[in-house]
Amino acid sequence: MDLRFGDGEPTDEERAAIDALLGPPRSSWEGAARDGTEAADLRWARGGREARDRRDLLLPGLHAVNDRIGWISEGALGYLCRRLTVPPAEAYGVATFYAMFSVRPRPATVLHVCTDLACAAAGADGLCAGVESRLGPGSGVSVERSPCLGLCERAPATLAIRAGDPVRTAVSAPATVEAAVRAAGAPDAAPEEPPAVTAVPQAGDPSLTLLGRVGVVDPASLDDYRAHGGYTALRRAFELGPAGVIREVTDSGLVGRGGAAFPTGRKWQATASRPDHPHYLVCNADESEPGTFKDRVIMEGDPYALVEAMTIAAYAIGAHTGYVYLRGEYPRATHRLRHAVDQARARGLLGDDVLGQGYAFDIEIRRGAGAYICGEETALFNSIEGYRGEPRSKPPFPVEKGLFGRPTVENNVETLVNVLPILTGGAPAYAAVGTGRSTGPKLFCVSGAVERPGVYELPFGATLGELLEPAGVREGLRAVLLGGAAGGFVRADELDIPLTFEGTREAGTTLGSGVVMAFDDTVPLPRLLLRIARFFRDESCGQCVPCRVGTVRQEEALHRIVERTGADAAGDVALLREVGRAMRDASICGLGQTAWNAVESAIDRLGAYE
Amino acid sequence: MTVTPLGIPRRLLEFTLDGEPARVPEGATVLDACRAAGRDVPTLCEGDTLTPKSACRVCVVEVEGSRTLVPACSRRAEPGMEVRTGTERVRHSRKVVLELLASCVDLSTTPRVSGWVKEYGAKPDRFGPDAARLDEEPRVDNDLYVRDYGKCILCYKCVDACGEQWQNTFAISVAGRGFDARIAVEHDAPLTDSACVYCGNCIEVCPTGALSFKSEFDMRAAGTWDESRQTETTTVCAYCGVGCNLTLHMQDNEIVKVTSPHDNPVTHGNLCIKGRFGYQHVQNRD
């Protein structure tokens, strides 16, 4: 590899941000001074293989610069490339892939105003206009309209990020123009967010399994976690041994909660039995599905539960390193989980000798940078490895060749946390909850036109109506979106749909990741569909033609018929069907394959454009 | 005489192709099998010297048991697999993909595509006159070759040829995301400010003419480019002792561009700047 790094030099600030992550450079090959000191020895080529092997630090490096300066200059990118022996063209491709990074100068403060489904229904348009009129050019704040920030239970929401050392953030939700402008002006002085438990309307209900500790334990205290039953599941796992753990998980009938509903035990077994090592565990905490916020609530309210669950999963599959890929838009969850990992490590619950059992496991937290596609498992691997977050062709599947080309289990936060009650209560007790094919408890993110939005935990099998009743549906319910933007709408008279994987499939819809978003008749449906189409257009990675161009043509067609119905819309509806079918059939990954689901369901079930 | 290495003999596996039994060597792709059986499967991002990215999706086929269609170019044939290449579902996806492509980029210099548009009944105009297009001016920033993103289908071939699959120069990559994604050097600078070494291997693999010789670009602009009047002569490069094969494309007794045979086991179609572009002295008749 013959790399050319260009002439751009980093500023002292940019250099300091990168050196704080990577340590000072050791030779002039990787950016140290060429002043005749030992460090400048040109024959000492540490910038070769050794540096190249740290390619996965590219994304953290881009974050380091973006956090400190607010954007990524040519000099900073060049220096980072030199430190990691990454071709600058590739690093530029990575930096321009993520929404949270900028390669052009911008103000140090960025205010993300959520304009996605729940926030749009709660008046995000007015909020945006108000904020933009107050924070025009020269205000020192860049206002960006953002996809779902995962704060749907407190819509409308804004997130202010001010670059510096350290970077400062302030969430404002439910946001007023006044509060958002104040948060952007002084993130440090912004009022504290309400505790995670405010997102759990059932808090205090003794029947809660997954959410039972949220609001009960101190999320910062490992001792408190242990006092509330923490780490009994891991002890049980060590008693059972790896094969025993996999057997319990298989017998429990647990299936993945991310939307694909693949049997977790089978995935673990397939990875555990691969002869090539190392094996990796990846926790997908990049929940970016519009309307989804359950993983955030768990990580904010009960972070040690995820640390313990990951330790168990890693032990079962024979992994010694686990990665949490955490949404970049979740500052509080990142902070809490980071603290929990550090505490667990300090107390011997992570590290070389977990619980004195001679088993080594540690967790690295990697922040996403604003890309919905990185929730797709193989795109997530590419993102961690320092490449563009584009999905890979499957096969090979992650259990054979996943992260760094090694056998990998990827589970989302909710799936992993389910492992704790399986081990403490036993597989039969767990399998007795729910229905035959959908076992255990399930988290639902209820938002929109309801009195008490939040994360609800119900055993599988409850109907949509039984879920919406405690949430308090407002008058004039028109439709419910199940599964988020990649899911589908159902009508207000279909509330008897059982919330199970098989039940929703039978009803011709999907449970997806557990989004339940209610819309009343005040929300104009065509506008809603247009927002969904724009979401997919913005979030398509651009790799394959059906998705890259199809999402654009879908949005264009919906624009044309936004005010039209009946025969006037028929031609474009037919066009949408044809393009949608090809996107579903021929796209590389789930994003393109599902980008037409919600629109199709609105046309077929709700009679949009009739 | 070119000596072609044969490799280790491979076992044959059996599967079903459009209802007929087919036998291909282990490791062959579905596309290999289709071609061996005489099926015409359209491809754009697949190339004979590169591992395809499977990004264009025009080669999709139906595989029994698969929820979605699969790209024939990268899917390996498996024993017992049932593949169908001409179903309505396959033809529909190919048609729409061709429509989507042709509606946003200029495919006028893409070989074979007009035939496929006809064969699959694709109507790229039906997205209306306001359909977003990549109408961009060609970038002419050096004397050797031209980048015309208005013709780029983002097949990733040039990126792979410049990067780890052949040249190891890594001068170009995909930047941006979604419909705004573009092939770019770092900071989208002119090529002359980049790591490009002007080997032209990216032109060699480009399926659409988005990358072309400056000579070809100028002749097309002047209306003098005429492939029917061109002859090709394969010879050996005289610059060094490696012995790369050059194919000289001649029109009116002038070299108009230089390619390299892809089946050459040494270079696989790759050249360096001298072999690819250093031909002017040959036609200096002063």
Side-chain angles (χ1 to χ4, degrees), chain A residues 1-6 8 74 77-78 81 86-99 103 371 373 388-390 393 395 536-553 555-557 559-560 571-572 575 578-579 581-588 593, chain B residues 44-45 52-58 60 62 67-71 74-76 89-90 92-97 99-101 103-104 126-128 130-132 153-154 156 159 162-164 168-181 184-189 193-197:
Chain A
M1 192 152 53
D2 173 26
L3 298 184
R4 182 185 174 281
F5 292 109
E74 283 194 45
L77 192 75
C81 288
V86 172
E90 282 194 4
Y92 179 73
V94 173
T96 52
F97 186 83
Y98 297 99
V103 293
I373 183 61
R388 291 165 57 79
E390 293 170 353
S393 277
F536 282 109
R537 178 207 176 128
D538 288 346
E539 297 297 338
S540 168
C541 77
Q543 188 180 204
C544 71
V545 175
C547 178
R548 180 177 75 233
V549 190
T551 52
V552 173
R553 299 289 176 254
E555 194 201 2
E556 288 169 348
H559 252 298
R560 283 195 293 269
D572 278 315
L575 189 74
E578 284 204 30
V579 173
R581 186 174 166 218
M583 282 162 71
R584 182 175 289 159
D585 267 350
S587 296
I588 290 180
Q593 289 160 12
Chain B
L44 286 168
C45 75
K53 194 82 170 171
S54 303
C56 76
R57 316 306 273 187
V58 291
V60 287
E62 214 171 316
R67 189 170 43 83
T68 56
L69 301 177
V70 305
S74 62
R75 187 58 168 270
R76 306 237 172 256
R89 195 176 166 208
V90 166
H92 173 81
S93 273
R94 288 186 188 164
K95 181 191 81 156
V96 173
V97 165
E99 285 174 339
L100 292 173
L101 267 182
S103 68
C104 67
R126 68 192 183 119
F127 299 113
D130 298 330
I153 61 165
L154 279 181
Y156 289 68
V159 176
C162 185
E164 62 179 14
N168 271 286
T169 292
F170 298 93
I172 48 175
S173 160
V174 177
R177 184 164 92 187
F179 197 71
D180 300 327
V185 304
E186 64 269 29
H187 302 285
D188 208 11
D193 290 348
S194 77
C196 177
V197 296

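Computed from a predicted model, the values in this text were never measured in an experiment. Order of the sequence lines sets the chain letters (A, B, ...), proteins ahead of strands, with each chain counted from 1.
- For the pair Gly542(A) and Leu154(B), the tightest heavy-atom approach, listed with the atom from each and the gap, is O-CD1, 4.0 Å.
- Proximity to chain B (any heavy atom under 4.5 Å) is shown, for Glu90(A), by both the backbone and the side chain.
- In this structure, chain B has a heavy atom under 4.5 Å from the side chain of Gln593(A), while its backbone stays farther away.
- When each of Glu539(A), Arg4(A), Met583(A) is checked for heavy-atom pairs under 4.5 Å with chain B, Arg4(A) comes out on top.
- Chain A forms the most heavy-atom pairs under 4.5 Å with one residue out of Ala189(B), Ala181(B), Ser194(B), and that residue is Ser194(B).
- Between the Arg388(A) side chain and the Gly176(B) main chain, a donor and an acceptor come within less than 3.5 Å of each other.
- In this structure, the portion of Arg560(A) lying under 4.5 Å from any heavy atom of chain B is its side chain and not its backbone.
- Under a 3.5 Å cut-off, the side chain of Arg57(B) and the backbone N or O of Pro546(A) do not form any donor-acceptor pair.
- The side-chain heavy atoms of Lys53(B) and Ser393(A), taken from C-beta on, include no pair separated by under 4.5 Å.
- Taking Arg89(B), Arg76(B), Glu164(B) one by one and counting their heavy-atom pairs under 4.5 Å with chain A, the maximum is reached by Arg89(B).
- Both the backbone and the side chain of Ala371(A) come within contact range of chain B, with heavy atoms under 4.5 Å apart.
- Only the side chain of Val552(A) comes within contact range of chain B, judged by heavy atoms closer than 4.5 Å.
- Interface summary for chain A: among Ala171(B), Pro71(B), Cys45(B), Ser103(B), the most heavy-atom pairs under 4.5 angstrom belong to Ser103(B).
- Counting heavy-atom pairs closer than 4.5 Å to chain A, the top residue among Val174(B), Val96(B), Thr68(B), Val58(B) is Val174(B).
- Between Thr169(B) and Leu3(A), the shortest heavy-atom contact is O-CD2, 4.4 Å.
- Summarising the geometry of Val549(A) relative to Cys104(B), their closest heavy-atom pair is CG2-SG, 3.8 Å, with the distance given to 0.1 Å.
- Across all their heavy atoms, Val60(B) and Ala586(A) have their closest contact at CG1-CB, 4.2 Å.
- With sequence neighbours left out, the side-chain contact (heavy atoms from CB on, under 4.5 Å) criterion links Ala91(A) to Leu58(A), Leu77(A), Cys81(A), Val86(A).
- Judged by distance alone, with hydrogens and angles left aside, the side-chain atoms of Arg553(A) form a donor-acceptor pair with the main-chain N or O of Ala132(B) at under 3.5 Å.
- Interface remark: Thr551(A) contributes no atoms to any contact with chain B (heavy atom separation under 4.5 Å).
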Report the C-alpha separation of Tyr156(B) and Glu390(A) in whole Å, then their side-chain angles, then the decisive distance to 0.1 Å, and conclude whether the side chain to side chain contact (heavy atoms under 4.5 Å, CB included) test is met.
-> CA-CA 12 Å; Tyr156(B) 289 68; Glu390(A) 293 170 353; 2.7 Å; yes

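- Separation of atoms OG1 (Thr96(A)) and NE2 (His187(B)) is listed at 10.0 Å; rounding is to 0.5 Å.
- When heavy atoms are compared at a cutoff of 4.5 Å, Tyr98(A) approaches chain B solely by way of its backbone atoms N, CA, C and O.
- Residues Arg126(B) and Leu575(A) come closest through the heavy atom pair NH1-CD1, 3.4 Å.
- In this structure, His92(B) contributes its side chain and Glu578(A) its backbone to a donor-acceptor pair below 3.5 Å.
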Please step through side chain to side chain contact (heavy atoms under 4.5 Å, CB included) for the pair Tyr92(A) and Asp188(B), ending with a clear verdict.
-> CA-CA 9 Å; Tyr92(A) 179 73; Asp188(B) 208 11; 3.9 Å; yes

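- A donor-acceptor pair under 3.5 Å is formed between the side chain of Arg177(B) and the backbone N or O of Asp538(A).
- Heavy-atom minimum distance, Ser173(B) versus Gly93(A): OG-CA, 3.9 Å.
- Counting heavy-atom pairs under 4.5 Å between each of Asp193(B), Val159(B), Val197(B) and chain A puts Asp193(B) at the top.
- Once rounded to the nearest 0.5 Å, the distance linking CZ of Arg584(A) with OG of Ser93(B) reads 11.5 Å.
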